[in-house]
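Report on one structure; see the data block that follows.
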Amino acid sequence: MAYYDFKNIEAKWQKKWEEEKSFKTVEDESKEKYYVLEMFPYPSGKLHMGHVRNYSIGDVVARYKHMAGFNVLHPMGYDSFGLPAENAAIKNGVEPAKWTWGNIAEMNVQLRRLGLSYDWDREVATSHPEYYKWMQWIFIQFYKKGLAYKKENPVNWCPSCATVLANEQVVDGCCERCGSVVGKKSLSQWYFKITDYADRLLDNLDTMDGWPNKVKIMQKNWIGRSTGAEVDFKVKDLDKVFTVFTTRVDTIFGTTFMVIAPEHPEVENLIKGTEYEEAVRAYIEEASHKNDIERTSTVGEKTGVFTGRYAINPFTEKEIPIYVTDYVLMGYGTGIVMGVPGHDQRDFDFAKKFDLPIVPVVDPGDPEIDVNNLQAACAAEGTLINSGEYNGMNNKVAIEKLTELVEEKGIGKKSINYRLRDWLISRQRYWGTPIPMIYCEHCGWVPEKEENLPVILPTDVEFTGKGESPIATSKTFVDTVCPVCGQPAKREIDTMDTFLDSSWYFLRYCDARNTEEAFSFEKVKYWMNVDQYIGGVEHAILHLMYARFFQMALYDLGLVTTEEPFKNLLTQGMVIKDGKKMSKSIGNVVSPDEIISKYGADTARLFILFAAPPERELDWSDAGVEGSYRFLNRVFRLVDELEDVIKGAGGAYEIKTSADKDLAYQLNATIKKVTEDAGGRFNFNTAISSIMELVNEIYRYKENKDINAELLKAAVEDLIRVLSPFTPHICEEMWEKLGHTNSVYTESWPTYEESALVKDEIEIVIQINGKLKEKLNVANGLTKDELEKLVMDRDNTKQLIGEKTVVKVISVPGKLVNIVVK
RNA sequence: GCCGGGGUGGCGGAAUUGGCAGACGCCCGGGACUUAAAAUCCCGUGAGAUUUUAUCUCGUACCGGUUCGACCCCGGUCCCCGGCACCA
C-alpha cells in the first residue's frame with residue numbers, strides 16, 4: 001500500500017510546476033481577468049507564520065478563481081529597500097545589496113516550498129535598478145505636477161543615531177532602533193502633497209464596499225476632516241488680526257481668553273520689548289525641548305504663560321488675555337485657538353489653572369448639570385444663553401447662523417481642517433531609492449533628466465551609523481551638472497521612504513519586465529483593479545492610504561484608468577500562540593520551515609486555513625496541525641484504496657440506493673459550500689470542514705455491500721478538485737494516481753445540482769412554547785398547512801400538549817412547528 | 001477619554017443573519033486490531049439531576065426588554081483586543 005510521502009510528493013510537483021511554468025499568465029481579452037494580490041514581504045530572509053497565512057489565503061483564492069475559469073494574475077515580489085539591510089551593513093560590514101539579494105534568494109526557496117501558484121516571471125524587487133528607475137520617474141512626474149516639494153519643518157530626530165525618523169519609526173516616543181528618546185529638529189525635507197487629496201481619499205471610502213468597515217473608519221479618522229469656521233480677533237494696541245479655527249462658533253460668546261502655539265511666528269510680535277518678553281521666551285524655550293513623551297504625559301495638566309496682550313472678542317467686544325501654551329498645535333488650524341472653558345475640556349483645565357472666567361453659553365437642559373457652576377466642560381448640545389440676541393437658539397442652528405454672520409461682517413469664513421499632514425518622504429538613509437533631484441545655485445532644485453534615469457545608488461560609501469546619510473561619503477555621487485544650465489550642481493543625498501516603493505508595485509506586476517515604461521497603459525487597463533488584496537491589518541492606514549494616493553495621482557496624470565487600486569480588501573488576523581503574539585523574547589515562535597519539514601506544506605496550509613476564519617486571530621496549536629496531517633493521510637488512503645474501483649468505473653452515475661442518494665447529497669452540498677466559502681465569503685475553515693464531512697461520508701459509503709463505482713468516482717474526483725486549492729501537492733498526486741495526465745489546476749471547478757440537495761424526507765422540529773420537544777421526519781415539500789395538520793393530528797403531539805389549551809400554532813415549512821399552549 | 005471589533009463546551013471554532021446551540025477538528029475516555037506499542041478503525045464526550053438503553057432541568061459574559069420563538073434585534077452593565085489620542 002502506498003503511503004503519504006509528502007516530502008517526495010511536494011518536491012515532485014513543485015519541480016513540475018516550475019519547469020512547466022504552470023502559473024504563467026498573459027493578457028487574454030477573451031477571458032474575464034481576476035487579479036489577486038498578497039502584500040509583498042520585506043526580505044528579512046526568514047518567512048514567518050504571518051506570511052504563510054497571508055499567502056495560503058491568496059493561493060486558495062487564486063487557484064479557485066483559475067479553476068472557475070478566470071484569467072488569474074497572481075504575482076509575488078519583494079519590498080527590498082529598508083533599514084535592516086543598512087543595520088546589517090553597520091553591524092557586520094556586509095553590503096546592503098549583497099545582504100538583500102542573499103535574503104531574497106533564501107525567501108524564494110521558502111516560498112516555493114509552500115507550493116504557491118505565482119507567476120514568477122513577474123517577480124519584482126524594489127531595490128533593483130530596473131524597479132527604482134521607474135520609482136524615480138514617477139517621483140519626477142509628481143514633482144512636475146506640483147505634488148512634491150521641499151520644505152523646512154520640525155521633524156523627529158534621534159540624537160543617538162543622528163538621523164531623521166519617520167513617525168512610524170517612533171515607538172512610544174523612542175527610536176525603534178536604539179531606544180533613545182526622540183526629539184524635534186528643524187530640517188529641510190521632501191514632502192508629497194497628500195493633503196490635496198484629502199477629500200477624495202475620504203469621500204471615495206463611502207463607495208468602497210469591498211473594504212472592511214474597520215479599515216475605512218481608521219482611514220477616516222486618520223484623515224480627520226472637521227468642518228468649522230475661521231474667525232478674526234483684533235489684537236488690542238497692535239495693528240493685527242488673529243484668526244482662529246473653531247468647530248464650535250456657537251460658543252464664541254463664551255470665549256474668555258485666547259491661546260497661541262509656542263512655535264507661532266506671531267508670538268515674537270506680541271512680546272517684543274515688553275516686560276513679558278523674558279518669561280514668554282523662557283516658556284517657549286522649555287516647550288521646544290519637550291519630547292513626545294513629556295508632552296503626552298502632561299495631557300490634562302495645562303501649562304502656559306501670559307503674553308501681556310489682549311484680543312477683542314468680536315461678539316462681546318470684551319478684552320480677552322492672550323496666552324502661549326503648548327496644548328495648541330502649530331500644525332493644525334491656524335495655531336491660535338479661542339478659549340471657551342465652559343464647553344471645551346482643555347480650555348476648562350486651562351481656565352482653572354490660570355483662574356480665568358468660565359462663561360457658560362450653551363445650556364443642555366440637563367437637570368443634573370448646573371451651568372453656572374460647571375465641574376467640567378459641557379460639550380453637549382443645547383440652547384444658547386449669555387449670547388446676546390442669540391439666546392434661546394438651538395446651538396446647531398447657531399453654528400449655521402453665526403458662520404453666515406461672520407462671513408457677512410467680513411471677519412471670518414467657513415473652513416475645513418484635516419488631521420492628515422503632508423507626507424514626509426525623504427530619509428537620511430542609504431538603502432532606498434535616491435531622490436532624483438539636483439540642486440543648482442542658479443536654477444534651484446531641478447529633476448534629473450528622464451533619459452539619465454536611474455540615478456544609481458553609489459557603492460563607494462561608508463556605513464558608520466553616525467552623521468548624515470552614508471551617501472554623503474560617496475566621492476562619485478554628489479557632484480554633477482545642472483540638467484538645465486549645465487553648471488556644476490549637487491545631487492540630493494536623501495533617499496525615498498520605502499512606503500513609496502510599495503505604493504505602486506501592483507501596477508508594475510501588470511508589466512514587470514517593461515524596460516521602456518513604468519508599465520504599459522494597456523496592460524494596466526486590462527489587469528487593474530486588484531480584485532482581491534490580502535494582507536495584515538497593520539497596514540490599514542499607512543500603506544493602504546499611500547497606495548490609494550499614488551493611484552489617484554497617477555490617474556490624474558492619465559497613466560492609469562482607475563482612481564482606486566484595490567476593489568476588495570481582506571485583512572487577515574495575526575498568528576498567535578498560547579494567547580500571545582509569536583515573538584523571540586517570549587520564545588513561542590513556530591518556524592514554518594520546521595512545520596513543513598515535519599508535516600509538509602499541504603498540512604501547514606490546511607491547518608492555517610482550517611483553524612480560524614481569515615480575519616480573526618489564529619491560535620497556533622501543534623495538536624491541531626497533527627489533526628490536519630491525519631486528515632490528509634486519511635484522504636490519501638481513501639484514494640489509494642479506491643484507486644482500482646475508480647479506474648474501472650464508467651461515466652455518469654445513477655442513483656440507485658438510499659445510500660447513493662446520501663452520498664450524492666453530501667457531494668453536492670460540499671461543492672456548494674466550498675464554492676460559496678472559497679469564492680465569496682472566504683470562510684475557508686467551514687469550507688474545509690465540509691470537505692471533511694464528505695470524506696467521512698465516502699468512508700461510510702464504501703463499507704456498503706453494493707457500491708456504485710461511477711458515483712464513487714465522481715465523489716472522489718470532485719473531492720480532489722475542491723480540495724486542490726487548499727492542498728495542491730497531494731491533490732495533484734492523487735489526481736495522477738487516478739490515471740489523469742493533466743494537472744488538477746487545469747480542471748474546471750465542479751458544479752452542483754440543486755436537485756441533489758433536495759431530500760425526500762426532512763427532519764423538522766416540534767416545539768411547545770418555543771422549547772424543543774421532538775424531532776420528526778416528514779416528507780419534503782409540505783405546505784405550511786399540511787405540515788401543521790400532520791403534526792397536530794399525531795398522537796405524540798396530543799400527548800405533548802396534554803391538558804393544556806392550544807393558543808396558536810406556528811408552522812414553518814422545512815423547519816419546525818411551534819405549538820403555543822396555556 | 002474617543003472610535004472600532006469581540007465575549008459560545010476542557011480548547012480552536014460552527015450556527016449563510018430570528019427557527020434543532022455546539023457542525024468540523026483538537027484534547028480526553030472506552031473499545032477493536034496487535035505479543036506489545038505506534039498507526040488505523042469504531043463508540044462516547046456542554047453542565048446537572050433522576051427511577052440512567054430513557055426522561056427532565058439549566059446553558060451562548062451579566063441584568064432587563066421585544067417575540068410564538070433570541071448567540072442573533074433593542075436598552076443597560078462588566079470584561080478583553082485593536083486603532084487614535086491636547087486636532088480646537
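Since we're looking at a predicted model, the values are computed, not measured.
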### Message
Nearest to the side chain of A:V820, heavy atoms from C-beta on, is which of B:C68, B:C84, B:U57?
### Response
B:C68
### Message
Base, sugar-phosphate or nothing for A:G333? Non-hydrogen atoms, less than 4.0 Å.
### Response
nothing
### Message
Measuring from the side chain of A:K302 (C-beta onward, heavy atoms only), which nucleotide among B:A88, B:C24, B:C86 has the closest atom?
### Response
B:C86
### Query
Rounded to whole angstrom units, what separation is found between the CG atom of A:N685 and the P atom of B:C26?
15 Å
### Task
Select one nucleotide: of B:C86, B:C20, B:A23, the one nearest the side-chain heavy atoms of A:Y327.
B:C86
### Message
Using a distance-only criterion (donor-acceptor N/O pair, under 3.5 Å, no hydrogens), is the base of B:C20 paired with the side chain of A:K775?
### Response
yes
### Closest to side chain of A:F610, choosing from B:C24, B:C84, B:C3
B:C24
#### Entry: Interatomic distance, A:N213 CG vs B:C3 P [rounded to whole Å]
15 Å
### Message
Using a 4.0 Å heavy-atom cut-off, does A:Q767 contact any base of the nucleic acid, only the sugar-phosphate backbone, or nothing at all?
### Response
base
### Task
For B:G9, decide between syn and anti, treating a glycosidic angle within 90° of 0 as syn.
syn
### Message
Under 4.0 Å, heavy atoms only, any strand: does A:R700 hit a base, just the sugar-phosphate, or nothing?
### Response
nothing
### Task
Side chain of A:E676 only, please: which of B:U16, B:G19, B:G13 is the nearest?
B:U16
### Message
Counting the atoms with a prime plus P, OP1 and OP2 as sugar-phosphate, which does A:D677 contact under 4.0 Å by heavy atoms, base, sugar-phosphate, or nothing?
### Response
nothing
### Message
Taking the minimum atom-to-atom distance to the side chain of A:T686, which one of B:G25, B:A15, B:C41 wins?
### Response
B:A15
### Task
For A:F350 and B:A88, give me the distance from atom CZ to atom P, rounded to whole Å.
18 Å
### Task
Could you tell me whether the side chain of A:V537 reaches within less than 4.5 Å of the side chain of A:E615, counting heavy atoms only?
no
### Summary
Here the distance between atom P of B:G25 and atom CZ of A:R605, to the nearest Å, is 21 Å
### Distance, rounded to the nearest Å, where A:Y699 contributes OH and B:C43 contributes P
14 Å
### Whole-Å distance separating the CG atom of A:L694 from the P atom of B:G25
12 Å
### Message
Give me the distance, rounded to whole Å, that separates B:G6 from B:G12 when you measure between the C1' atoms they each carry.
### Response
16 Å
### Query
In terms of the angle between their ring planes, are A:F354 and A:F350 parallel, tilted or perpendicular, with boundaries placed at 30° and 60°?
tilted
### Message
As a test of reading the structure: which of B:C42, B:C26, B:A88 is closest to the side chain of A:R634, going by heavy atoms?
### Response
B:C42
### Summary
Distance col, row A:T670:OG1 vs A:I698:CD1, nearest 0.5 angstrom, shows 8.5 Å
### Out of B:C24, B:C26, B:G12, whichever nucleotide has its closest atom nearest the side chain of A:A611
B:G12
### Task
Please tell me which of the listed nucleotides, B:C24, B:A88, B:C84, lies nearest to the side chain of A:V337?
B:A88
### Query
Do A:F233 and A:F242 make the cut of ring centroids closer than 6.0 angstrom?
no
### Task
Return the value, rounded to whole Å, for the distance between atom CD1 of A:I819 and atom P of B:C68.
16 Å
### Query
Between atom CG in A:L787 and atom P in B:C68, what is the gap in whole Å?
20 Å
### Task
Check whether any side-chain nitrogen or oxygen of A:R616 sits under 4.0 Å from OP1 or OP2 of B:A14, and answer yes or no.
yes
### Task
Give the dot-bracket string for RNA chain B, reading 5' to 3', where a pair is Watson-Crick or G-U wobble with both distances under 3.5 Å, ( ) marks pairs inside the strand, [ ] marks pairs crossing earlier ones, | marks a partner on another strand, and . marks unpaired.
(((((((..(((......[....))).(((((.......))))).(((((...)))))..(((((..]....))))))))))))....
### Out of B:C58, B:G4, B:G25, whichever nucleotide has its closest atom nearest the side chain of A:K771
B:C58
